[in-house]
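Let me begin by presenting the structure, written as structure tokens, before commenting on it.
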Number of protein chains: 2
Amino acid sequence: MRRDGKLSRVLHILLHMAEHKGPVTSEVLAKMQHTNPVVVRQIMAGLRNQGYVQSVKGHSGGWTLVCDLSRITLSDIYTALGSPSILAIGNRTEAPGCLVEQTVNTALGQVFSEVEELLLSRLGSVTLDMLSKDLHARLVARGASHNHQQSSHAC
Amino acid sequence: MRRDGKLSRVLHILLHMAEHKGPVTSEVLAKMQHTNPVVVRQIMAGLRNQGYVQSVKGHSGGWTLVCDLSRITLSDIYTALGSPSILAIGNRTEAPGCLVEQTVNTALGQVFSEVEELLLSRLGSVTLDMLSKDLHARLVARGASHNHQQSSHAC
DNA sequence: TCCTCATGTAACTTACAATATTACATGAAA
DNA sequence: TTTCATGTAATATTGTAAGTTACATGAGGA
């Protein structure tokens with residue numbers, strides 16, 4: 001099954017923006033992800049609507065972070081992306097009136113809800129700030145203590 | 001993303017078989033699920049390999065349960081199906097050397113593992129027997145206390 | 001003013017995995 | 001020996017994420 005990579009992708013983008021002074025264009029972000037600028041804009045649209053980032057058109061335009069990283073959790077981001085489906089397995093509903101199907105779907109449905117709840121709660125316990133601090137620790141560990149302008153995560 | 005419905009499907013099949021004396025053909029099971037007999041055989045192959053069901057060819061052949069329902073959990077079934085992917089969201093690996101990507105993937109990876117662990121543990125806590133008892137409770141609740149031969153879950 | 005840069009978005013194409021179908025082989029019972 | 005049923009490979013269909021194209025909008029700069 002094909003897995004939705006939007007969350008992973010947008011976090012990569014946000015961390016990059018946090019390291020960068022000034023706006024970043026969709027084209028730069030797209031190159032970083034080996035994808036298309038339009039895909040970047042589509043993903044970022046949700047974050048813009050929530051006010052987490054800002055986009056500016058024209059010369060020296062692009063995307064800028066406009067939020068406090070310590071106040072945004074991964075579940076906020078997940079929600080801004082439109083809460084894509086979490087589970088790759090699900091219930092069939094071929095015979096809605098069938099008691100057997102109802103039995104199965106109720107049992108599985110309870111398990112699935114519990115799992116989704118855990119996922120959201122775990123995502124809610126991680127802030128972007130925590131990820132950013134983790135990134136800096138990795139940069140130091142790699143010995144990449146140059147200034148950020150020509151930082152070592154060109155990707 | 002398209003969700004894998006094998007687990008839901010195979011549980012429906014197993015509960016049906018539990019209600020039925022004697023072998024059931026793939027064709028009957030397929031009609032019940034509004035699908036194709038070949039799909040049923042493919043799904044059931046995994047269960048047969050684990051010894052949970054038996055298949056017999058030719059006249060009055062078909063599928064039979066050959067296990068104690070109280071000793072088989074939903075996670076056993078899930079495993080017999082080949083442990084299909086659980087999560088619909090995942091990490092991208094466009095830039096494996098990138099520290100940003102490593103940071104993001106590590107954080108998400110931990111969450112994902114925890115979630116998968118919970119799912120397997122919850123599936124492991126439900127036996128087929130429990131589902132079967134639940135089904136009977138529903139049959140009684142509907143007032144379908146006729147004999148099982150012409151039971152009300154024709155689907 | 002006009003040109004260039006950048007986003008905004010709809011429409012369309014591609015890629016891929018789950019499901020469905022076809023075709024034919026195998027083997028058991030009537 | 002005919003019929004019924006499974007076993008399985010090969011192929012087709014379908015649903016969805018991702019990628020692409022095309023064009024509109026709007027903000028500087030020459």
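So you know, we letter chains A, B, ... as the sequences are listed, proteins then strands, and number each from 1. All values reported here derive from a predicted model rather than from experimental measurement.
Of all nucleotides listed (D/dG7, C/dT19, D/dG19), C/dT19 comes nearest to the side chain of B/Lys6. Ranking D/dG15, D/dT20, C/dA23 by closeness to the A/Val39 side chain, first place goes to D/dT20. Between D/dA18, D/dT6, C/dA17, one nucleotide has an atom nearer to the side chain of B/Ser26 than all others, and that is D/dT6.
A residue-by-residue look at B/Gly62 and B/Gln42 shows that B/Gly62 has its nearest nucleotide of DNA chain D further toward the 5' end. Position along DNA chain C of the nearest nucleotide to A/Gly61 versus A/Val38 favours A/Gly61 as the more 5'-ward residue. Positionally, the nearest nucleotide of DNA chain D for B/Glu27 lies more toward the 5' end than for the other of B/Glu27 and A/Gly5.
With rounding to whole Å, B/Ile89 atom CD1 is found 12 Å from D/dA17 atom P. One atom, CE of B/Met44, and another, C1' of D/dT8, lie 16 Å apart when rounded to the nearest Å. Residue A/Glu94 contributes atom CD, which lies 10 Å from atom P of C/dT19 at whole-angstrom precision. Atom CZ in B/Arg3 sits about 23 Å away from atom P in C/dC16, given to the nearest Å. C/dA18 atom P lies 14 Å from atom CD1 of B/Ile86, rounded to whole Å. When rounded to the nearest whole Å, the span between CG of B/Asn49 and C1' of D/dT8 equals 13 Å. If you take CD1 of A/Ile13 and P of C/dT7, they are 11 Å apart, rounded to a whole angstrom. Atoms CD1 (B/Ile43) and C1' (C/dA18) sit 10 Å apart, rounded to a whole Å.
Between the A/Thr73 side chain and the A/Asp76 main chain, a donor and an acceptor come within less than 3.5 Å of each other. A donor-acceptor pair under 3.5 Å links the side-chain atoms of B/Tyr78 to the main chain of B/Pro84, judged by distance alone. The backbone N or O of B/Thr64 sits nowhere less than 3.5 Å from a side-chain atom of B/Gln54 that would complete a donor-acceptor pair. For A/Ser132 (side chain) and A/Leu128 (main-chain N/O), no donor-acceptor pair under 3.5 Å exists by modelled atom type.
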- Query: Under the salt bridge (charged side-chain N to carboxylate O under 4.0 Å, His left out) criterion, do A/Arg122 and B/Glu114 qualify, and how do the steps go?
  - Reply: CA-CA 9 Å; A/Arg122 302 308 292 124; B/Glu114 232 182 292; 3.1 Å; yes
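Distances shown here put a side-chain N or O of A/Arg92 below 4.0 Å from the OP1 or OP2 atom of C/dT19. Of the side-chain N and O atoms in A/Ser55, none sit less than 4.0 angstrom from OP1 or OP2 of C/dT7. The phosphate of D/dA24 has neither OP1 nor OP2 within less than 4.0 Å of any side-chain N or O from A/Arg41. An OP1 or OP2 oxygen of D/dA5 is reached within less than 4.0 angstrom by no side-chain nitrogen or oxygen of B/Thr25. Between B/Arg48 and the phosphate of D/dG7, there is a side-chain N or O to OP1/OP2 separation shorter than 4.0 Å.
Not a single donor-acceptor pair, N or O on each side, falls under 3.5 Å between the base of C/dT19 and the side chain of B/Arg2.
Side-chain atoms of A/Glu19 and A/His136 form a donor-acceptor pair, as typed in the model, at a separation below 3.5 Å. In this model, a donor atom of one side chain and an acceptor atom of the other lie less than 3.5 Å apart for A/Arg9 and A/Gln33. A/Trp63 and A/Thr25 form no side-chain donor-acceptor contact under 3.5 Å, judged by distance and modelled atom types alone.
Using a 4.0 Å heavy-atom criterion, one finds that B/Asn36 contacts the bases of the nucleic acid, with or without backbone contacts as well.
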List every contact pair, protein side and nucleotides 27-30 of chain C side both N or O, where the distance is under 3.5 Å.
| residue | atom | partner | partner atom | Å |
| --- | --- | --- | --- | --- |
| C/dG27 | O4' | B/Lys57 | NZ | 3.4 |
| C/dG27 | N2 | B/Gly58 | N | 3.1 |

